[in-house]
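Computed from heavy atoms alone, side chains included, the values below leave out hydrogens, waters and symmetry copies. Order of the sequence lines sets the chain letters (A, B, ...), proteins ahead of strands, with each chain counted from 1.
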There are 2 protein chains.
Amino acid sequence: MRTLKDRQLEQLGKNHAVVKFKKDSTIIHQGMFSTNVVFLREGLVKVHITGPYNEQIVRLIKAPTYLGLPTTFGNKINQYSVTAILDSEACFIDINLFRKVLEENNNFSAYIIQELSKSELESYHRCANRAQKQTRGNLADVFLDLSDNIFESDSFTLPISQSDIGNLVDASRESINRLLSEFINDNIIEMKGRKVKILNKKSLQLISSNG
Amino acid sequence: MRTLKDRQLEQLGKNHAVVKFKKDSTIIHQGMFSTNVVFLREGLVKVHITGPYNEQIVRLIKAPTYLGLPTTFGNKINQYSVTAILDSEACFIDINLFRKVLEENNNFSAYIIQELSKSELESYHRCANRAQKQTRGNLADVFLDLSDNIFESDSFTLPISQSDIGNLVDASRESINRLLSEFINDNIIEMKGRKVKILNKKSLQLISSNG
DNA sequence: ATAAAAAAGTGATACAAGTCACAATATAAT
DNA sequence: ATTATATTGTGACTTGTATCACTTTTTTAT
(Lines give C-alpha, C1' and ligand atoms only; values in the text may rest on other atoms or scores of the structure.)
Protein backbone atom coordinates (compact mmCIF):
# COMPACT_ATOMS: atom_id res chain seq x y z
CA MET A 1 0.00 0.00 0.00
CA ARG A 2 2.90 2.25 0.76
CA THR A 3 4.31 1.84 -2.69
CA LEU A 4 0.97 2.62 -4.22
CA LYS A 5 0.84 5.82 -2.29
CA ASP A 6 4.32 6.74 -3.37
CA ARG A 7 3.63 5.96 -6.97
CA GLN A 8 0.49 8.00 -6.80
CA LEU A 9 2.25 10.82 -5.13
CA GLU A 10 4.73 10.83 -7.96
CA GLN A 11 1.95 11.10 -10.44
CA LEU A 12 0.22 13.84 -8.55
CA GLY A 13 3.35 15.63 -7.53
CA LYS A 14 4.99 15.75 -10.90
CA ASN A 15 3.74 19.16 -11.82
CA HIS A 16 3.32 20.49 -8.31
CA ALA A 17 5.89 22.44 -6.46
CA VAL A 18 6.82 21.55 -2.94
CA VAL A 19 6.13 24.36 -0.52
CA LYS A 20 8.09 24.63 2.68
CA PHE A 21 6.43 25.74 5.88
CA LYS A 22 8.27 26.93 8.92
CA LYS A 23 7.14 25.85 12.35
CA ASP A 24 4.03 27.81 13.38
CA SER A 25 2.99 28.80 9.91
CA THR A 26 -0.45 27.93 8.73
CA ILE A 27 -0.86 25.51 5.85
CA ILE A 28 -4.64 25.42 5.66
CA HIS A 29 -6.78 28.30 6.86
CA GLN A 30 -10.26 27.58 8.09
CA GLY A 31 -12.83 29.72 6.34
CA MET A 32 -10.71 30.35 3.27
CA PHE A 33 -11.65 29.37 -0.20
CA SER A 34 -9.46 26.62 -1.51
CA THR A 35 -9.18 24.53 -4.61
CA ASN A 36 -6.39 22.29 -3.43
CA VAL A 37 -5.79 19.14 -1.57
CA VAL A 38 -2.62 19.18 0.43
CA PHE A 39 -0.24 16.29 0.55
CA LEU A 40 2.01 16.71 3.56
CA ARG A 41 5.33 15.20 2.54
CA GLU A 42 7.39 15.98 5.55
CA GLY A 43 6.83 17.34 9.02
CA LEU A 44 4.29 17.53 11.78
CA VAL A 45 1.10 19.56 11.98
CA LYS A 46 -1.81 20.28 14.25
CA VAL A 47 -5.36 20.30 12.99
CA HIS A 48 -7.47 22.92 14.73
CA ILE A 49 -10.97 24.14 14.41
CA THR A 50 -13.01 27.05 15.69
CA GLY A 51 -14.98 25.85 18.68
CA PRO A 52 -17.81 27.60 20.49
CA TYR A 53 -15.33 29.48 22.65
CA ASN A 54 -11.74 28.85 21.67
CA GLU A 55 -9.79 27.48 18.85
CA GLN A 56 -9.62 23.76 19.53
CA ILE A 57 -6.73 21.51 18.59
CA VAL A 58 -8.28 18.34 17.32
CA ARG A 59 -5.26 16.20 16.58
CA LEU A 60 -1.62 16.07 15.63
CA ILE A 61 -0.72 14.38 12.37
CA LYS A 62 2.66 13.60 10.98
CA ALA A 63 3.67 13.26 7.38
CA PRO A 64 3.04 11.59 5.06
CA THR A 65 -0.65 12.31 4.90
CA TYR A 66 -3.30 14.03 2.88
CA LEU A 67 -4.98 17.08 4.38
CA GLY A 68 -8.07 19.00 3.49
CA LEU A 69 -10.07 16.19 1.98
CA PRO A 70 -13.38 17.43 3.39
CA THR A 71 -12.85 20.61 1.42
CA THR A 72 -12.41 18.61 -1.72
CA PHE A 73 -15.76 17.00 -1.67
CA GLY A 74 -17.91 19.36 0.27
CA ASN A 75 -17.94 23.06 -0.29
CA LYS A 76 -14.74 24.75 -1.21
CA ILE A 77 -14.29 26.57 2.06
CA ASN A 78 -11.74 25.03 4.35
CA GLN A 79 -13.50 23.55 7.34
CA TYR A 80 -10.50 23.51 9.62
CA SER A 81 -7.02 24.94 9.94
CA VAL A 82 -3.75 23.11 9.78
CA THR A 83 -0.61 24.61 11.24
CA ALA A 84 2.92 23.28 11.07
CA ILE A 85 4.38 22.56 14.49
CA LEU A 86 7.67 21.46 13.00
CA ASP A 87 9.20 22.64 9.75
CA SER A 88 7.20 20.89 7.08
CA GLU A 89 6.87 20.37 3.36
CA ALA A 90 3.67 20.07 1.45
CA CYS A 91 2.47 20.00 -2.08
CA PHE A 92 -0.76 21.51 -3.23
CA ILE A 93 -2.74 19.45 -5.66
CA ASP A 94 -5.53 20.99 -7.64
CA ILE A 95 -8.86 19.53 -6.64
CA ASN A 96 -9.83 18.75 -10.19
CA LEU A 97 -6.64 16.88 -10.84
CA PHE A 98 -7.07 15.03 -7.57
CA ARG A 99 -10.58 14.03 -8.50
CA LYS A 100 -9.47 12.99 -11.91
CA VAL A 101 -6.81 10.71 -10.47
CA LEU A 102 -9.41 9.28 -8.12
CA GLU A 103 -11.62 8.56 -11.07
CA GLU A 104 -8.94 6.97 -13.10
CA ASN A 105 -7.29 5.02 -10.39
CA ASN A 106 -9.49 2.81 -8.28
CA ASN A 107 -6.69 1.67 -6.09
CA PHE A 108 -6.09 5.24 -5.16
CA SER A 109 -9.74 5.69 -4.21
CA ALA A 110 -9.53 2.56 -2.14
CA TYR A 111 -6.46 3.92 -0.45
CA ILE A 112 -8.14 7.22 0.36
CA ILE A 113 -11.23 5.47 1.66
CA GLN A 114 -9.06 3.34 3.83
CA GLU A 115 -7.24 6.35 5.24
CA LEU A 116 -10.47 8.14 5.97
CA SER A 117 -11.92 5.08 7.64
CA LYS A 118 -8.87 4.75 9.80
CA SER A 119 -9.13 8.36 10.77
CA GLU A 120 -12.77 7.92 11.67
CA LEU A 121 -11.91 5.06 13.96
CA GLU A 122 -9.12 6.98 15.61
CA SER A 123 -11.53 9.77 16.13
CA TYR A 124 -13.96 7.48 17.93
CA HIS A 125 -11.23 6.15 20.15
CA ARG A 126 -9.92 9.56 20.99
CA CYS A 127 -13.42 10.57 21.84
CA ALA A 128 -13.97 7.64 24.18
CA ASN A 129 -10.61 8.12 25.84
CA ARG A 130 -10.85 11.83 26.40
CA ALA A 131 -14.27 11.44 27.86
CA GLN A 132 -13.56 8.61 30.23
CA LYS A 133 -10.08 9.34 31.42
CA GLN A 134 -9.08 12.24 33.50
CA THR A 135 -6.45 14.71 32.53
CA ARG A 136 -3.56 12.74 34.00
CA GLY A 137 -4.36 9.80 31.75
CA ASN A 138 -4.85 11.91 28.67
CA LEU A 139 -1.59 13.69 29.25
CA ALA A 140 0.16 10.36 29.56
CA ASP A 141 -1.39 9.42 26.24
CA VAL A 142 0.00 12.50 24.56
CA PHE A 143 3.49 11.62 25.73
CA LEU A 144 3.07 8.03 24.62
CA ASP A 145 1.85 9.17 21.24
CA LEU A 146 4.76 11.54 20.83
CA SER A 147 7.21 8.88 21.85
CA ASP A 148 5.74 5.82 20.15
CA ASN A 149 4.23 7.21 16.99
CA ILE A 150 5.42 10.67 16.22
CA PHE A 151 9.08 10.72 17.15
CA GLU A 152 9.59 7.01 17.68
CA SER A 153 12.07 7.73 20.42
CA ASP A 154 12.12 8.14 24.19
CA SER A 155 13.80 11.50 23.83
CA PHE A 156 12.27 14.31 21.89
CA THR A 157 11.54 17.99 21.97
CA LEU A 158 7.97 18.96 22.75
CA PRO A 159 6.66 20.51 19.56
CA ILE A 160 3.87 22.42 21.30
CA SER A 161 3.41 24.59 24.36
CA GLN A 162 1.80 23.46 27.57
CA SER A 163 -1.18 25.54 26.73
CA ASP A 164 -1.56 23.73 23.41
CA ILE A 165 -1.28 20.41 25.19
CA GLY A 166 -4.03 21.57 27.50
CA ASN A 167 -6.16 22.54 24.58
CA LEU A 168 -5.53 19.19 22.91
CA VAL A 169 -6.57 17.15 25.93
CA ASP A 170 -9.34 19.47 27.09
CA ALA A 171 -7.59 20.80 30.13
CA SER A 172 -6.25 24.12 31.30
CA ARG A 173 -2.63 25.12 30.87
CA GLU A 174 -2.25 25.24 34.64
CA SER A 175 -3.44 21.69 35.11
CA ILE A 176 -1.01 20.46 32.51
CA ASN A 177 1.78 22.29 34.21
CA ARG A 178 0.98 20.80 37.60
CA LEU A 179 0.69 17.32 36.15
CA LEU A 180 4.01 17.69 34.36
CA SER A 181 5.66 18.65 37.64
CA GLU A 182 4.09 15.57 39.12
CA PHE A 183 5.43 13.34 36.34
CA ILE A 184 8.87 14.83 36.76
CA ASN A 185 8.71 14.45 40.52
CA ASP A 186 7.74 10.81 40.16
CA ASN A 187 10.69 10.23 37.83
CA ILE A 188 8.43 9.29 34.98
CA ILE A 189 9.82 11.90 32.65
CA GLU A 190 12.70 14.31 32.65
CA MET A 191 12.42 17.76 31.15
CA LYS A 192 14.93 20.44 30.37
CA GLY A 193 12.99 23.22 28.77
CA ARG A 194 11.05 21.40 26.11
CA LYS A 195 13.49 18.55 25.83
CA VAL A 196 11.76 15.48 27.11
CA LYS A 197 13.15 12.14 28.09
CA ILE A 198 10.83 9.37 29.08
CA LEU A 199 12.32 7.57 32.04
CA ASN A 200 9.55 5.17 32.88
CA LYS A 201 7.28 4.24 30.04
CA LYS A 202 5.64 1.50 32.09
CA SER A 203 4.37 4.13 34.50
CA LEU A 204 3.06 6.24 31.67
CA GLN A 205 1.20 3.27 30.28
CA LEU A 206 -0.20 2.53 33.69
CA ILE A 207 -1.36 6.10 34.11
CA SER A 208 -2.80 5.99 30.64
CA SER A 209 -4.93 3.00 31.43
CA ASN A 210 -5.87 3.88 34.99
CA GLY A 211 -6.15 7.55 35.46
CA MET B 1 -25.91 12.54 -5.41
CA ARG B 2 -28.96 11.13 -3.78
CA THR B 3 -30.09 9.48 -6.95
CA LEU B 4 -26.69 8.01 -7.47
CA LYS B 5 -26.84 6.53 -4.04
CA ASP B 6 -30.23 5.04 -4.71
CA ARG B 7 -29.19 3.62 -8.01
CA GLN B 8 -26.15 2.15 -6.39
CA LEU B 9 -28.14 0.77 -3.57
CA GLU B 10 -30.35 -0.95 -6.06
CA GLN B 11 -27.37 -2.53 -7.67
CA LEU B 12 -25.91 -3.62 -4.37
CA GLY B 13 -29.20 -4.54 -2.82
CA LYS B 14 -30.53 -6.63 -5.63
CA ASN B 15 -29.29 -9.90 -4.30
CA HIS B 16 -29.22 -8.96 -0.66
CA ALA B 17 -32.03 -9.55 1.75
CA VAL B 18 -33.23 -6.80 4.00
CA VAL B 19 -32.86 -7.68 7.64
CA LYS B 20 -35.12 -6.09 10.22
CA PHE B 21 -33.80 -5.13 13.62
CA LYS B 22 -35.97 -4.41 16.60
CA LYS B 23 -35.11 -1.51 18.87
CA ASP B 24 -32.18 -2.44 21.14
CA SER B 25 -30.85 -5.22 18.97
CA THR B 26 -27.28 -5.08 17.85
CA ILE B 27 -26.52 -4.75 14.17
CA ILE B 28 -22.75 -4.69 14.31
CA HIS B 29 -20.81 -6.30 17.15
CA GLN B 30 -17.45 -4.90 18.07
CA GLY B 31 -14.79 -7.58 18.11
CA MET B 32 -16.63 -9.91 15.78
CA PHE B 33 -15.33 -11.10 12.49
CA SER B 34 -17.31 -9.69 9.63
CA THR B 35 -17.24 -9.79 5.88
CA ASN B 36 -20.05 -7.35 5.29
CA VAL B 37 -20.73 -3.71 4.91
CA VAL B 38 -24.08 -2.67 6.26
CA PHE B 39 -26.36 -0.32 4.47
CA LEU B 40 -28.89 1.03 6.94
CA ARG B 41 -32.04 1.59 4.93
CA GLU B 42 -34.40 2.63 7.62
CA GLY B 43 -34.21 3.50 11.29
CA LEU B 44 -31.94 5.04 13.88
CA VAL B 45 -28.86 3.59 15.52
CA LYS B 46 -26.20 4.38 18.05
CA VAL B 47 -22.54 3.74 17.38
CA HIS B 48 -20.70 2.67 20.50
CA ILE B 49 -17.22 1.57 21.27
CA THR B 50 -15.38 0.01 24.16
CA GLY B 51 -13.67 2.78 26.09
CA PRO B 52 -11.06 2.47 28.83
CA TYR B 53 -13.81 2.10 31.44
CA ASN B 54 -17.27 1.96 29.94
CA GLU B 55 -18.91 1.38 26.67
CA GLN B 56 -19.02 4.82 25.06
CA ILE B 57 -21.74 6.02 22.75
CA VAL B 58 -19.99 7.92 20.03
CA ARG B 59 -22.85 9.14 17.92
CA LEU B 60 -26.38 8.60 16.72
CA ILE B 61 -26.92 8.08 13.01
CA LYS B 62 -30.12 7.81 11.12
CA ALA B 63 -30.77 5.99 7.90
CA PRO B 64 -29.90 6.02 5.13
CA THR B 65 -26.23 5.46 5.75
CA TYR B 66 -23.46 2.94 5.37
CA LEU B 67 -22.03 1.39 8.49
CA GLY B 68 -18.94 -0.58 9.16
CA LEU B 69 -16.69 0.88 6.52
CA PRO B 70 -13.58 0.78 8.69
CA THR B 71 -14.02 -2.96 8.88
CA THR B 72 -14.11 -3.17 5.13
CA PHE B 73 -10.75 -1.71 4.56
CA GLY B 74 -8.85 -2.48 7.68
CA ASN B 75 -8.89 -5.81 9.36
CA LYS B 76 -12.04 -7.82 9.28
CA ILE B 77 -12.84 -7.44 12.96
CA ASN B 78 -15.54 -4.91 13.70
CA GLN B 79 -14.03 -1.95 15.43
CA TYR B 80 -17.23 -0.69 16.99
CA SER B 81 -20.75 -1.77 17.74
CA VAL B 82 -23.93 -0.46 16.24
CA THR B 83 -27.26 -0.93 17.98
CA ALA B 84 -30.70 -0.04 16.75
CA ILE B 85 -32.46 2.49 18.97
CA LEU B 86 -35.56 2.42 16.81
CA ASP B 87 -36.82 -0.46 14.71
CA SER B 88 -34.51 -0.51 11.72
CA GLU B 89 -33.83 -2.22 8.43
CA ALA B 90 -30.45 -2.99 7.02
CA CYS B 91 -28.94 -4.92 4.22
CA PHE B 92 -25.67 -6.72 4.46
CA ILE B 93 -23.40 -6.42 1.50
CA ASP B 94 -20.49 -8.71 1.04
CA ILE B 95 -17.22 -6.85 1.32
CA ASN B 96 -15.90 -8.23 -1.92
CA LEU B 97 -18.97 -7.18 -3.82
CA PHE B 98 -18.78 -3.77 -2.20
CA ARG B 99 -15.17 -3.38 -3.21
CA LYS B 100 -15.94 -4.53 -6.69
CA VAL B 101 -18.64 -1.91 -7.07
CA LEU B 102 -16.23 0.68 -5.73
CA GLU B 103 -13.74 -0.37 -8.34
CA GLU B 104 -16.16 -0.31 -11.16
CA ASN B 105 -18.01 2.81 -10.26
CA ASN B 106 -15.94 5.87 -9.61
CA ASN B 107 -18.89 8.00 -8.73
CA PHE B 108 -19.68 5.59 -5.99
CA SER B 109 -16.15 5.87 -4.63
CA ALA B 110 -16.46 9.61 -4.76
CA TYR B 111 -19.71 9.39 -2.88
CA ILE B 112 -18.21 7.22 -0.16
CA ILE B 113 -15.22 9.49 0.17
CA GLN B 114 -17.52 12.42 0.51
CA GLU B 115 -19.54 10.72 3.22
CA LEU B 116 -16.44 9.76 5.14
CA SER B 117 -15.08 13.28 4.86
CA LYS B 118 -18.30 14.71 6.16
CA SER B 119 -18.24 12.32 9.03
CA GLU B 120 -14.68 13.30 9.85
CA LEU B 121 -15.66 16.94 9.99
CA GLU B 122 -18.65 16.25 12.17
CA SER B 123 -16.39 14.33 14.43
CA TYR B 124 -14.06 17.30 14.78
CA HIS B 125 -16.93 19.59 15.58
CA ARG B 126 -18.44 17.27 18.10
CA CYS B 127 -15.06 17.01 19.71
CA ALA B 128 -14.65 20.77 19.97
CA ASN B 129 -18.15 21.25 21.28
CA ARG B 130 -18.09 18.56 23.90
CA ALA B 131 -14.81 19.81 25.17
CA GLN B 132 -15.65 23.47 25.40
CA LYS B 133 -19.25 23.44 26.48
CA GLN B 134 -20.51 22.24 29.75
CA THR B 135 -23.13 19.59 30.12
CA ARG B 136 -26.08 21.96 29.90
CA GLY B 137 -24.97 23.11 26.45
CA ASN B 138 -24.26 19.63 25.23
CA LEU B 139 -27.62 18.42 26.40
CA ALA B 140 -29.28 21.27 24.55
CA ASP B 141 -27.38 20.17 21.46
CA VAL B 142 -28.71 16.65 21.75
CA PHE B 143 -32.26 17.94 21.85
CA LEU B 144 -31.63 20.24 18.93
CA ASP B 145 -30.12 17.39 16.96
CA LEU B 146 -33.06 15.13 17.70
CA SER B 147 -35.51 17.83 16.76
CA ASP B 148 -33.78 19.39 13.75
CA ASN B 149 -32.02 16.47 12.15
CA ILE B 150 -33.24 13.18 13.40
CA PHE B 151 -36.99 13.58 13.84
CA GLU B 152 -37.44 16.90 12.06
CA SER B 153 -40.17 17.83 14.46
CA ASP B 154 -40.60 19.66 17.76
CA SER B 155 -42.34 16.67 19.25
CA PHE B 156 -40.75 13.29 19.42
CA THR B 157 -40.13 10.36 21.70
CA LEU B 158 -36.70 10.12 23.24
CA PRO B 159 -35.13 7.03 21.68
CA ILE B 160 -32.56 6.55 24.45
CA SER B 161 -32.47 6.57 28.22
CA GLN B 162 -31.13 9.38 30.35
CA SER B 163 -28.16 7.28 31.15
CA ASP B 164 -27.41 6.86 27.44
CA ILE B 165 -27.74 10.59 26.95
CA GLY B 166 -25.27 11.06 29.76
CA ASN B 167 -22.90 8.63 28.14
CA LEU B 168 -23.27 10.38 24.80
CA VAL B 169 -22.46 13.83 26.17
CA ASP B 170 -19.89 12.68 28.71
CA ALA B 171 -21.95 13.29 31.79
CA SER B 172 -23.52 11.20 34.51
CA ARG B 173 -27.09 10.05 34.38
CA GLU B 174 -27.84 12.10 37.48
CA SER B 175 -26.57 15.32 35.93
CA ILE B 176 -28.73 14.76 32.87
CA ASN B 177 -31.72 14.17 35.07
CA ARG B 178 -31.18 17.36 37.02
CA LEU B 179 -30.66 19.39 33.87
CA LEU B 180 -33.80 17.97 32.31
CA SER B 181 -35.80 19.02 35.36
CA GLU B 182 -34.28 22.43 34.94
CA PHE B 183 -35.26 22.61 31.26
CA ILE B 184 -38.78 21.54 32.14
CA ASN B 185 -38.96 24.02 34.96
CA ASP B 186 -37.85 26.81 32.69
CA ASN B 187 -40.55 25.86 30.18
CA ILE B 188 -37.98 25.04 27.54
CA ILE B 189 -39.22 21.53 27.02
CA GLU B 190 -42.19 19.50 28.14
CA MET B 191 -41.88 15.81 28.94
CA LYS B 192 -44.38 13.10 29.60
CA GLY B 193 -42.39 9.96 30.08
CA ARG B 194 -40.14 9.96 27.06
CA LYS B 195 -42.45 12.05 24.96
CA VAL B 196 -40.75 15.37 24.40
CA LYS B 197 -42.13 18.61 23.13
CA ILE B 198 -39.82 21.51 22.58
CA LEU B 199 -41.52 24.64 23.79
CA ASN B 200 -38.77 27.17 23.35
CA LYS B 201 -36.20 26.35 20.74
CA LYS B 202 -34.66 29.81 20.96
CA SER B 203 -33.72 29.11 24.56
CA LEU B 204 -32.23 25.78 23.62
CA GLN B 205 -30.14 27.45 20.96
CA LEU B 206 -29.03 30.07 23.44
CA ILE B 207 -28.05 27.41 25.95
CA SER B 208 -26.30 25.53 23.20
CA SER B 209 -24.13 28.48 22.33
CA ASN B 210 -23.55 29.84 25.83
CA GLY B 211 -23.42 27.12 28.35
C1' DA C 1 -51.77 -9.77 37.82
C1' DT C 2 -47.56 -9.80 40.15
C1' DA C 3 -42.83 -10.14 40.76
C1' DA C 4 -38.43 -8.58 38.95
C1' DA C 5 -35.58 -5.45 36.58
C1' DA C 6 -34.69 -0.97 34.50
C1' DA C 7 -35.10 3.71 34.50
C1' DA C 8 -35.87 8.02 36.62
C1' DG C 9 -35.89 11.48 40.60
C1' DT C 10 -33.38 13.75 44.35
C1' DG C 11 -30.50 15.12 48.43
C1' DA C 12 -25.79 15.16 50.52
C1' DT C 13 -21.00 15.14 49.90
C1' DA C 14 -16.47 15.03 47.56
C1' DC C 15 -13.12 16.31 44.37
C1' DA C 16 -10.90 17.14 39.83
C1' DA C 17 -9.97 20.75 37.47
C1' DG C 18 -11.08 25.52 36.27
C1' DT C 19 -10.14 30.42 37.25
C1' DC C 20 -7.65 34.27 39.07
C1' DA C 21 -3.52 36.50 40.24
C1' DC C 22 1.29 37.01 40.12
C1' DA C 23 6.17 35.81 39.80
C1' DA C 24 9.78 33.89 37.14
C1' DT C 25 11.80 32.48 32.93
C1' DA C 26 12.39 32.07 28.26
C1' DT C 27 12.06 33.77 23.23
C1' DA C 28 11.56 36.95 19.89
C1' DA C 29 12.01 41.57 18.15
C1' DT C 30 14.21 46.15 17.58
C1' DA D 1 21.97 44.50 24.39
C1' DT D 2 17.48 45.60 25.88
C1' DT D 3 12.75 45.93 25.68
C1' DA D 4 8.65 43.52 24.60
C1' DT D 5 6.08 39.21 24.32
C1' DA D 6 5.14 34.57 25.19
C1' DT D 7 5.66 30.70 28.10
C1' DT D 8 6.04 28.46 32.40
C1' DG D 9 5.60 27.80 37.56
C1' DT D 10 2.57 28.00 41.74
C1' DG D 11 -0.62 29.26 45.43
C1' DA D 12 -5.50 30.31 46.84
C1' DC D 13 -10.10 29.82 45.85
C1' DT D 14 -14.33 28.37 43.30
C1' DT D 15 -17.33 25.37 40.92
C1' DG D 16 -19.46 21.98 37.87
C1' DT D 17 -20.24 17.58 38.09
C1' DA D 18 -19.24 12.94 39.77
C1' DT D 19 -20.37 9.71 43.26
C1' DC D 20 -23.06 7.62 46.75
C1' DA D 21 -27.21 6.30 48.70
C1' DC D 22 -31.54 5.91 48.60
C1' DT D 23 -36.85 6.23 46.88
C1' DT D 24 -40.18 6.21 43.31
C1' DT D 25 -41.85 5.16 38.92
C1' DT D 26 -42.01 2.67 34.68
C1' DT D 27 -41.21 -1.25 31.90
C1' DT D 28 -40.57 -6.10 31.10
C1' DA D 29 -41.10 -10.82 32.10
C1' DT D 30 -43.51 -14.72 34.11
Legend entry - Lys/Arg N to Asp/Glu carboxylate O, A/Glu55 vs A/Lys46, below 4.0 Å: no

Legend entry - Set of ring-ring contact (aromatic ring centres under 6.0 Å, His included) partners for A/Phe156, sequence neighbours left out: A/Phe151

Inset, instruction - Specify the separation, in whole Å, of atom NZ of B/Lys195 and atom C1' of D/dT26. - result: 14 Å

Inset, instruction - Could I get the full list of ring-ring contact (aromatic ring centres under 6.0 Å, His included) partners for B/Phe21, not counting sequence neighbours? - result: none

Legend entry - Set of side chain to side chain contact (heavy atoms under 4.5 Å, CB included) partners for B/Asn54, sequence neighbours left out: A/Gln132

Please list, pair by pair, any protein nitrogen or oxygen found under 3.5 Å from a nitrogen or oxygen in nucleotides 14-17 of chain D.
{"from": "D/dT17", "atom 1": "OP1", "to": "B/Thr135", "atom 2": "N", "distance (Å)": "2.8"}
{"from": "D/dT17", "atom 1": "OP1", "to": "B/Thr135", "atom 2": "OG1", "distance (Å)": "3.2"}

Inset, instruction - Provide, to the nearest angstrom, the distance between the NZ atom belonging to A/Lys23 and the P atom belonging to C/dT27. - result: 11 Å

Inset, instruction - Compare every heavy atom of A/Ala17 with every heavy atom of A/Cys91, then report the nearest pair and how far apart it is. - result: CB-O, 3.5 Å

Legend entry - Residues in ring-ring contact (aromatic ring centres under 6.0 Å, His included) contact with B/Phe183, at least two apart in sequence or another chain: none

Legend entry - Closest contact, heavy atoms only, A/Lys192 versus A/Glu190: NZ-OE2, 4.2 Å

Legend entry - Results of side chain to side chain contact (heavy atoms under 4.5 Å, CB included) for B/Glu182 - residues two or more places apart only: B/Arg136, B/Leu179, B/Asp186

Legend entry - Separation of atom CD in B/Gln132 from atom P in C/dT19, rounded to whole Å: 11 Å

Legend entry - Euclidean distance, atom CD of residue A/Glu182 to atom P of D/dT10 [Å, nearest integer]: 13 Å

Please list each protein N or O that sits under 3.5 Å from an N or O in nucleotides 28-30 of chain D, with the distance.
none

Inset, instruction - Show your reasoning for whether side chain to side chain donor-acceptor pair (under 3.5 Å) applies to B/Gln56 and B/Asp170. - result: CA-CA 9 Å; B/Gln56 172 87 30; B/Asp170 308 335; 3.0 Å; yes

Legend entry - Heavy atoms from other residues, nucleotides or ligands near NZ of B/Lys23 exceed 12 (cutoff 6.0 Å): yes

Legend entry - Partner set under salt bridge (charged side-chain N to carboxylate O under 4.0 Å, His left out) for A/Lys118, not counting sequence neighbours: A/Glu115

Legend entry - With sequence neighbours excluded, residues passing ring-ring contact (aromatic ring centres under 6.0 Å, His included) with B/Phe92: none

Inset, instruction - Note down the inter-axis angle between the two ends of the helix from C/dA1-D/dT30 to C/dT27-D/dA4, five pairs each, to the nearest 10°. - result: 60°

Inset, instruction - Provide, to the nearest angstrom, the distance between the OH atom belonging to A/Tyr53 and the C1' atom belonging to C/dT19. - result: 15 Å

Inset, instruction - Would you mind building the protein contact string for nucleotides 4-11 of chain C? One character per nucleotide, 5' to 3', B for base within reach (heavy atoms under 4.0 Å), S for sugar-phosphate only, - for untouched. - result: ---SBBBB

Side-chain atoms of residues 31-38 of chain B: list all donor-acceptor pairs with protein atoms under 3.5 Å, sequence neighbours left out, distances to 0.1 Å.
{"from": "B/Ser34", "atom 1": "OG", "to": "B/Asn36", "atom 2": "N", "distance (Å)": "3.1"}
{"from": "B/Ser34", "atom 1": "OG", "to": "B/Asn36", "atom 2": "O", "distance (Å)": "3.4"}

